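Every number for a ligand or one of its atoms is a count from 1 in the order of the listing. For this chain, numbers begin at 1 and follow the sequence in order. The model shown is predicted, which means the values in this text are computed figures rather than measured ones.
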Amino acid sequence: MTSPSTRPPSRPLPKTFSVKSFGCQMNAYDGARMAELLEEQGLVAVETDEADLVLLNTCHIREKAAEKVYSDIGRLTKTAQGKGRAKPMIAVAGCVAQAEGAEIPRRAPAVDLVVGPQAYHRLPDLIAEAASGKKALDTDMPAASKFDALPKRRRQGPGAFLTVQEGCDKFCTYCVVPYTRGAEISRPWGQVVDEAKALVDAGAREITLLGQNVNAWTHEGRGLHDLIEELARLPRLARIRYTTSHPNDMADGLIAAHRDIDKLMPFLHLPVQAGSDRILKAMNRSHDVASYLKLIDRVRAVRPDIAISGDFIVGFPGETDAEFEETLSAVRAIGHAQAFSFKYSPRPGTPAATMGDAVPAAVMDERLQRLQALIAEQQYAFNRATLGKTCAVLIERDGKLPGQRLGKSPWLQSVLIDGGAIGDLVDVTITQAGPNSLQGEAKVLAAA
Ligand code: 5AD
Ligand code: SF4
């Protein structure tokens, strides 16, 4: 890296910026932290079309997500030309940056800077380097933690993300995450607790603990449930959630936490991916369908109302019609409050990408449609089952209509109510249930 002070800048340092995050919640967290870092450097957040620096925080999980970055880069360049202004400095961050590295500016010369998910604390140096006219690149996975180098958490909305674990050692055969995010690491107990306190001081009332395998979090013999128990002691923190979990890391203590800790919300995102044991084996999932169902039973035994969410892949190489039917049966047996489903997308460098035996696109389309219809049915049924119930809703933001607010139920459903202030936790009686959201009446407010 060239020292910025010895080389006259070939363009001014950016004064304004915009971060666009794609993909998972961990990317949203990284995006927020990059924004905090840039603000600390004196840059001002503005709309993307106005920004001197645009940071695309990318996702590599499926081909469509990964390709999106290239169309975005083209659009940014064109919009700047159309407005007669200089092309913004374009930075690519996130998992595409990690996976493709120097290939990105080769393919898209408008890109000035590439930074991986473990190196973004170095953004200020990289920006200076890019301003000096060089292509700046950092996709190291340094041993020293980026978290030590990032500024303190800033003003928050009611719901905040907190990454506690990164990376994955599971090596499911379809997945790029072990390559883009590296080996499983857990942030130390004290660091996580301090950040949670800072988030609460900054206004957070709900914290979602994040990790690619968040329930594998461990530090000095303690597990995720110990951490949840500790955070539940923070008086102003009302709610705790965690995502994403792996069935094999679902410890007894974590299951018990769903019974014992009131602040832990009754929601579990626990992907099973497929309903055929042969496919699960080919995916290297190291669990079968029966053990997954047993696990769900155990969780429901301690927390009967828990909302179950999941992820599914249809059309994994070699998946037969009968095997896909097994996925539908598994979904029927599980009963979801919500779930995500995707067509299999071969990813470079993963074992499944070279398995052959691809499922034809039309077959995948049809399977996805059938699966999504079933999941939508279950979600609607779950929503209808809350009709007439009263539950606590955390108000997160304004709704579309004047005076309307949008909040979340304990089961992560969106609930529309009239009135209330953002950040309030109000008791709401559910009066209408749609396929994707609920409407309710706030008790306290109605009485006032
Ligand atoms: N193709 C399709 N879906 C994938 N996922 C991960 N890798 C792939 C892939 N190659 C899905 C899994 C995972 C979710 C985040 O994305 O279901 O749980
Ligand atoms: Fe996408 Fe996975 Fe990267 Fe998240 S960690 S952005 S889901 S590739």
Side-chain angles (χ1 to χ4, degrees), residues 21-30 57-68 94-96 98-100 117 161 163 165-182 184 208 210-216 242-250 268-276 279-280 282-287 289 292 308-319 323-324 327-328 330-331 334 336 338-361 363-365 367-369 371-372 374-375:
S21 286
F22 307 94
C24 64
Q25 290 155 321
M26 298 193 59
N27 254 19
Y29 172 89
D30 288 337
N57 190 19
T58 59
C59 173
H60 200 247
I61 197 92
R62 284 168 290 274
E63 190 184 358
K64 229 180 171 174
E67 284 302 308
K68 189 173 169 8
C95 293
V96 177
Q98 192 63 42
E100 297 183 7
F161 292 139
T163 294
Q165 182 279 334
E166 285 193 279
C168 182
D169 294 340
K170 304 283 191 294
F171 291 94
C172 300
T173 53
Y174 51 80
C175 189
V176 287
V177 167
Y179 314 98
T180 55
R181 293 270 174 168
E184 272 177 23
T208 303
L210 298 179
Q212 263 97 26
N213 278 295
V214 73
N215 57 343
Y242 61 95
T243 196
T244 288
S245 298
H246 191 286
N248 292 5
D249 292 316
M250 207 64 213
L268 178 61
H269 183 73
L270 192 70
V272 64
Q273 307 294 356
S276 142
I279 293 292
L280 288 177
M283 287 177 162
N284 192 32
R285 286 292 295 177
S286 63
H287 60 75
V289 179
Y292 178 87
I308 302 294
S309 167
D311 293 334
F312 291 91
I313 296 176
V314 302
F316 187 81
E319 185 189 64
E323 284 163 345
F324 170 66
T327 293
L328 296 178
V331 170
I334 297 161
H336 292 84
Q338 60 157 79
F340 303 95
S341 45
F342 313 98
K343 287 187 274 189
Y344 169 73
S345 167
R347 306 307 295 129
T350 60
T354 51
M355 281 179 183
D357 223 356
V359 172
V363 176
M364 276 210 235
D365 284 336
R367 288 181 189 170
L368 187 70
Q369 267 184 28
L371 177 58
Q372 291 189 337
L374 177 59
I375 291 168

Is a donor on one side and an acceptor on the other found under 3.5 Å between the side chain of Asn284 and the backbone of Phe171? yes
For ligand 1, which atoms sit closer than 4.0 Å to a heavy atom of Tyr344? 1 (N), 2 (C)
Just to be sure I'm reading this right: ignoring hydrogens, which of Gly23, Ala353, Ser345 gets closest to atom 10 (N) of ligand 1? Compare them by their nearest heavy atoms. Ser345
Atoms of ligand 1 close to Arg347 [distance to a heavy atom under 4.0 angstrom, numbered from 1]: 10 (N)
Classify the side-chain pair Gln372/Ser341 by whether it contains a donor and acceptor separated by less than 3.5 Å. yes
Is there any salt bridge (Lys or Arg N to Asp or Glu O under 4.0 Å) pair reaching into residues 341-354, and which pairs are they, with sequence neighbours excluded? Lys343-Asp365
Would the distance check show the side chain of Asp311 and the main-chain N or O of Pro271 forming a donor-acceptor pair, the cut-off being under 3.5 Å? no
Close N or O approach (Asp311, ligand 1; < 3.5 Å): yes
State which residues pass salt bridge (charged side-chain N to carboxylate O under 4.0 Å, His left out) with Arg285; sequence neighbours excluded, sorted by chain then number. none
Quick look: Ile61 vs ligand 1, heavy-atom contacts under 4.0 Å, and the answer is both
Residue Arg62 vicinity, atoms of ligand 1 by number, heavy atom under 4.0 Å: 1 (N), 2 (C), 3 (N), 4 (C), 5 (N), 11 (C), 16 (O)
Below 4.0 Å, non-hydrogen atoms only: which portion of Tyr174 touches ligand 1? Side chain, backbone, both or neither. both
For atom 12 (C) of ligand 1, which of the options Gln273, Lys343, Lys64 provides the nearest non-hydrogen atom? Gln273
Glu319 versus Tyr344, side-chain donor and acceptor atoms under 3.5 Å: no
